[in-house]
Amino acid sequence: MTETSTAPDRDGPHGTELNNTGRDNVEPDNAAPDNAGPDNAGLASLSTLNGSGPLELSSADGVRLLTETATALAEHWDRVPDAPVAPGGQITAEVREWLSGYDLSSPRPFEEVLGDVLAALRRWIVHTTHPRYFGLFNPTPTWWGMAGDLVTAGANPQLAAYSHAPAAVEMERHVLRLIARRLGLPEQTEGSFTSGGAEANLTAVIVALTRQFGSFTDSGVRGLAGDPVLYASAESHLAWIKIAQMTGLGRGAVRLVPVDSRHRLDVAALRRMYAEDIAAGKAPFLLIGTAGTTGGGAIDPLPEMVDLAREWGVHLHVDAAWAGAIGLSDRLRPLLAGIEAADSVTVDAHKWLSAPMGAGMFLTPHPASLSDSFAVATAYMPAQVEGAADPYSTTVQWSRRFIGLKVFLALAVAGERAHAEQIERDVRLGELLADRLAEDGWLRINDTPLPVVCVVHPAADATGAQTSADWHAAVASRVVASGRAWVSLVRLAGRPAVRICLTSHRTRAADIEEVVAALAAARDETPLAR
Ligand SMILES: Cc1ncc(COP(=O)(O)O)c(C=O)c1O
């Protein structure tokens with residue numbers, strides 16, 4: 001990579017003379033100030049200040065630049081399926097070496113930088129847009145979602161105060177209400193878009209603490225009579241541990257409840273742990289059900305957990321970050337039975353709703369608890385609009401991006417039904433995957449209707465936890481190194497397995513055959529330690 005900070009001007013994509021940044025050469029960008037002197041050296045003159053600033057482009061140049069970007073992105077998109085799903089080898093040094101060519105001090109041609117960046121992304125990222133990325137819920141985004149993110153960036157509404165962006169706040173609310181309705185949550189349910197599931201779950205803990213303990217708002221955990229504890233299954237997403245630390249509860253407040261043979265929270269064990277905690281003077285305040293565990297897609301026994309939460313008087317949160325999307329499908333929605341009685345719910349649009357990264361959702365049928373949790377008074381924020389809450393005082397964030405547009409646009413254009421059909425299609429492909437792996441001698445160890453399949457090779461499985469983990473990890477690595485697919489090692493209740501999860505709307509039946517073949521090849525190449 002060579003320095004091109006002195007790259008000459010060249011023709012733009014449509015024959016217009018563009019300078020390095022992609023703008024028409026209509027203004028002398030760096031004209032000498034006409035009254036430069038010792039006191040104002042380096043400052044622009046008044047006449048220059050009436051011209052465009054150094055970061056401004058004409059709309060025509062902007063369109064050319066974005067058109068070029070869309071074309072390059074589409075090319076990238078078309079090339080990804082033929083490229084290895086993941087980069088190989090130790091790439092950090094290579095990436096840093098490449099970046100050392102960018103001192104970021106002087107301009108370069110847009111087209112060159114864009115091409116360079118896309119080439120870097122093609123080489124040095126795991127392609128979540130690949131039809132054979134069978135990974136960690138990161139979706140292939142829809143084009144409508146991408147367009148939504150572009151409009152968000154360009155119109156750049158600020159959603160902190162309602163009055164700054166009523167159209168944006170209401171569009172988000174419209175989507176949140178649809179999801180709430182599909183999950184069967186009560187009419188008064190409100191919520192917010194979040195950066196992802198972890199922020200939505202953080203919101204849940206803050207709201208639960210606020211609802212359960214009157215003194216929490218002012219005194220935090222210091223003012224509580226007993227040590228607060230929360231319960232989630234041992235297979236839940238462990239952002240809970242970080243959240244416990246961040247909220248001042250401390251990691252020790254998280255009680256990880258053992259799971260049953262289907263990797264669902266074991267209600268009998270939960271009852272025992274709760275009784276022990278009460279006897280020890282603890283203050284249980286939150287019960288968390290996971291609908292679609294990260295590792296194996298288990299759905300906790302939500303109806304029983306609802307009953308227990310009511311009996312104990314604790315807040316019930318359902319983390320449906322991944323599987324909450326099945327609420328859109330009439331056929332699959334019954335799998336979430338019980339969620340309608342939750343005190344709060346997490347659903348991520350950037351998982352199974354195929355939105356570009358950075359789109360979680362938090363919902364609660366206790367809207368007053370949102371302002372109780374996050375309200376703050378300031379003189380410098382715009383006055384509140386009657387009957388419309390300001391998101392900065394009902395959510396974790398302050399300045400707030402229009403996260404929900406990518407979801408609104410995709411739902412408005414493709415429709416709720418198309419999203420449900422995609423989810424049902426993924427479930428069908430997941431069944432095909434499970435069948436093909438079984439035919440090929442793999443043993444499935446998770447039990448879920450959702451499209452995540454965790455399999456072991458029976459002979460390796462019998463060798464003991466560590467040897468089995470090493471062998472299954474080696475197989476997963478071989479598949480990834482082959483470039484044919486991305487799969488991973490998982491441990492379900494400690495038992496190592498290879499995890500294959502459908503995450504891309506580009507995946508077809510032929511891709512299932514390919515990953516099965518890649519796994520078979522890796523299995524054949526990986527010797528079993530005896
Ligand atoms: C069940 C569950 N909850 C929460 C999260 C965290 O979501 P995010 O990575 O969007 O913050 C994940 C991530 O995979 C998850 O699977």
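Nothing here was measured: the structure is a model prediction, and the numbers come from that model. Counting starts at 1 for both ligands and their atoms, in listed order.
- Other residues, nucleotides and ligands contribute at most 12 non-hydrogen atoms within 6.0 Å of the NE2 atom of H164.
- Protein residues lining ligand 1, listed by chain and number: F137, G196, G197, A198, N201, H237, G292, T294, D319, A321, D348, H350, K351 [non-hydrogen atoms, distance under 4.0 Å].
- With contacts defined as side-chain heavy-atom distances shorter than 4.5 Å, the pair T140/T503 does not qualify.
- Here the side chains of R401 and D149 are in contact, with some heavy-atom distance below 4.5 Å.
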- [ ] Tell me, with the steps shown, if M361 and I179 meet side chain to side chain contact (heavy atoms under 4.5 Å, CB included).
- [x] CA-CA 9 Å; M361 291 177 273; I179 302 297; 3.9 Å; yes
**Report entry** From CA spacing to verdict: side chain to side chain donor-acceptor pair (under 3.5 Å), R122, H76
**Finding:** CA-CA 7 Å; R122 210 152 29 245; H76 171 85; 3.2 Å; yes
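- At most 12 heavy atoms of other shown residues, nucleotides or ligands fall within 6.0 angstrom of atom CZ in R79.
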